[in-house]
Amino acid sequence: MMQPLSVKDLQPVSSEFLEQKDTVRLARELVGHYLVHWIEGKAVGGKIVETEAYQAPHDPACHAHLNRRTKRTEIMFAKGGHAYIYLCYGIHHLFNIVSGPESYAHAVLIRALEPIWGRDFMDENRKIKSTHNLTNGPGKLTQALGIDRTLNESYLLAQNSPLQLFQPPAPLSADELMVSKRIGIDYAGDAKEWPWRFYEKQSLYVSKRLFGDKSFLRHEAN
DNA sequence: ATAATGATTCGCT
DNA sequence: GCGAATCATTATG
């Protein structure tokens, strides 16, 4: 059977990949990639299984809607590969990968992860029993990985970045992927219907599935 | 299994 | 002040 996947065997992503202008496509393609937070030389992270695209200027759900520049949104205008991490509901740190060329305020929210490396560290951070609840949500995964706003604005492609992104050994095929509307943006009018959320169909580590997969729900209850 | 609610801080009007 | 790209807990059927 397969050896456990080692970070050493993975290729970092390219700057071209993260600077592509089509951020919806990037969000789709990032599913299956690997995110690592290096903590005292140890890898903590896993496979990205759920993402959402946010794209100024025409996306009302994007913090930089209409290209509004504030202290908070400024980093979204940087070139792809920077981290945009902000505090949500006063409690949760949400991790985004800034994307597109410089001056394009685009980002991909990382919503769920399949835990692979540093499980002990994650368990300790999360203090929760079920492994299915470790990283299946944008606030949960940052807590598990120890990601907070001290890492805001860091550049993931820098030589010794504490946060790194790696390519999948093989790309995910189209039939392994699901598309849905984005979550938690009811205030965004029309845009709340846009199909800009992507997740791995059979993953047990997705935050919220579409209607109708009863067999999964039974599985999840364990 | 679904619904309601409190937590808690920051950005912005 | 208001509301937020969320989550855990509690209550109820």
Side-chain angles (χ1 to χ4, degrees), chain A residues 23-24 26-28 30-31 35 48-77 82-100 104-113 115 122-153 178-199 205-222:
Chain A
T23 293
V24 176
L26 176 64
R28 183 169 56 232
L30 275 170
V31 176
L35 173 67
I48 294 170
V49 296
E50 179 180 346
T51 62
E52 281 175 359
Y54 289 87
Q55 262 188 327
H58 302 301
D59 173 9
C62 180
H63 292 160
H65 182 41
L66 304 178
N67 282 341
R68 236 156 55 95
R69 285 177 185 265
T70 67
K71 180 110 194 212
R72 184 172 67 151
T73 64
E74 191 61 35
I75 189 60
M76 294 183 82
F77 292 85
H82 289 83
Y84 170 43
I85 302 165
Y86 71 96
L87 195 58
C88 183
Y89 292 94
I91 295 176
H92 306 287
H93 301 270
L94 267 54
F95 170 67
N96 299 252
I97 300 168
V98 172
S99 52
Y104 285 66
H106 296 184
V108 175
L109 171 65
I110 306 304
R111 287 194 54 89
L113 211 69
M122 297 192 212
D123 285 334
E124 195 156 316
N125 283 339
R126 293 277 296 132
K127 304 186 196 316
I128 203 149
K129 289 162 194 153
S130 161
T131 82
H132 290 112
N133 279 329
L134 214 47
T135 51
N136 60 339
K140 298 180 191 179
L141 76 90
T142 55
Q143 186 185 20
L145 269 61
I147 295 174
D148 62 25
R149 289 182 319 159
T150 61
L151 296 167
N152 189 31
E153 305 190 356
M178 292 290 275
V179 184
S180 84
K181 31 183 176 180
R182 294 173 292 177
I183 292 179
I185 54 163
D186 287 347
Y187 59 87
D190 207 35
K192 72 167 184 281
E193 306 297 329
W194 299 352
W196 286 9
R197 170 174 175 253
F198 304 93
Y199 64 88
Y205 304 95
V206 163
S207 69
K208 189 166 176 270
R209 336 198 94 238
L210 285 180
F211 256 130
D213 195 344
K214 301 291 194 205
S215 65
F216 176 81
L217 292 177
R218 237 178 292 123
H219 199 0
E220 195 179 40
N222 293 334

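Letters A, B, ... mirror the listed sequences (proteins, then strands); counts begin at 1.
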For the side chain of [X] and the backbone of [Y], is there at least one donor-acceptor N/O pair under 3.5 Å apart?
X: A:H93; Y: A:G139; result: no
X: A:R182; Y: A:Y54; result: no
X: A:T73; Y: A:M76; result: no
X: A:H58; Y: A:L66; result: no
X: A:E52; Y: A:R111; result: no

Tell me which residues in residues 184-195 of chain A put a heavy atom below 4.0 Å from DNA chain B, sorted by number, or none. none

At a heavy-atom distance below 4.0 Å, what parts of residues 50-62 of chain A sit against DNA chain B? none

Determine, step by step, whether A:Y199 and A:V49 satisfy the side-chain contact (heavy atoms from CB on, under 4.5 Å) criterion, reporting the C-alpha distance in whole Å, the side-chain angles of both residues, the deciding distance to 0.1 Å, and the verdict. CA-CA 5 Å; A:Y199 64 88; A:V49 296; 5.8 Å; no

For a quick check of understanding: with a heavy-atom distance under 4.0 Å over all strands, which category does A:R182 fall into, base, sugar-phosphate or nothing? nothing

Hey, where does DNA chain C pair up into stems, meaning at least three consecutive Watson-Crick or G-U pairs with distances under 3.5 Å? B:1-7 with C:6-12, B:9-12 with C:1-4

For DNA chain C, whose closest nucleotide is more 5', that of A:L94 or that of A:K140? A:L94

First and last nucleotide of DNA chain C in contact with chain A, 5' to 3', at under 4.0 Å to a heavy atom: what are they? C:dA4 to C:dA8

Are OP1 or OP2 of B:dG11 and a side-chain N or O of A:T70 less than 4.0 angstrom apart? no

Apply side-chain contact (heavy atoms from CB on, under 4.5 Å) to the pair A:S180 and A:R197, showing each step before the final yes or no. CA-CA 5 Å; A:S180 84; A:R197 170 174 175 253; 2.8 Å; yes

With side-chain contact (heavy atoms from CB on, under 4.5 Å) as the test, would you mind laying out the steps for A:M122 and A:L145 before giving the verdict? CA-CA 6 Å; A:M122 297 192 212; A:L145 269 61; 4.1 Å; yes

Got a second to check how far A:E74's CD is from A:Y84's OH, nearest 0.5 Å? 11.5 Å

Could you state the CD1-P distance from A:I85 to B:dC10, rounded to the nearest angstrom? 15 Å

Quick check on side-chain contact (heavy atoms from CB on, under 4.5 Å): which of A:L151, A:N152, A:L35 does A:F95 satisfy it with? A:L35

Kindly indicate, with the supporting measurements, whether the criterion side-chain contact (heavy atoms from CB on, under 4.5 Å) is fulfilled by A:N96 and A:I110. CA-CA 6 Å; A:N96 299 252; A:I110 306 304; over 6 Å; no

OH/A:Y104: more than 12 non-hydrogen atoms of other groups inside 6.0 Å: no

Begin with the C-alpha distance, continue with both residues' side-chain angles, and end with the deciding distance and a verdict on ring pair (Phe, Tyr, Trp, His ring centres under 6.0 Å) for A:H132 and A:Y205. CA-CA 6 Å; A:H132 290 112; A:Y205 304 95; 5.5 Å; yes

Do A:T142 and A:I85 come within less than 4.5 Å of each other through their side chains, counting heavy atoms only? no

Could you pull out every donor-acceptor pair under 3.5 Å between side chains of residues 184-196 of chain A and any protein atom, sequence neighbours left out?
residue, atom, partner, partner atom, Å
A:E193, OE1, A:K181, NZ, 3.1

Nucleotide N/O of nucleotides 7-9 of chain B paired with protein N/O under 3.5 Å:
residue, atom, partner, partner atom, Å
B:dT8, O2, A:Y89, O, 2.4
B:dT9, O4', A:G90, O, 3.4
B:dT9, O2, A:G90, N, 3.4

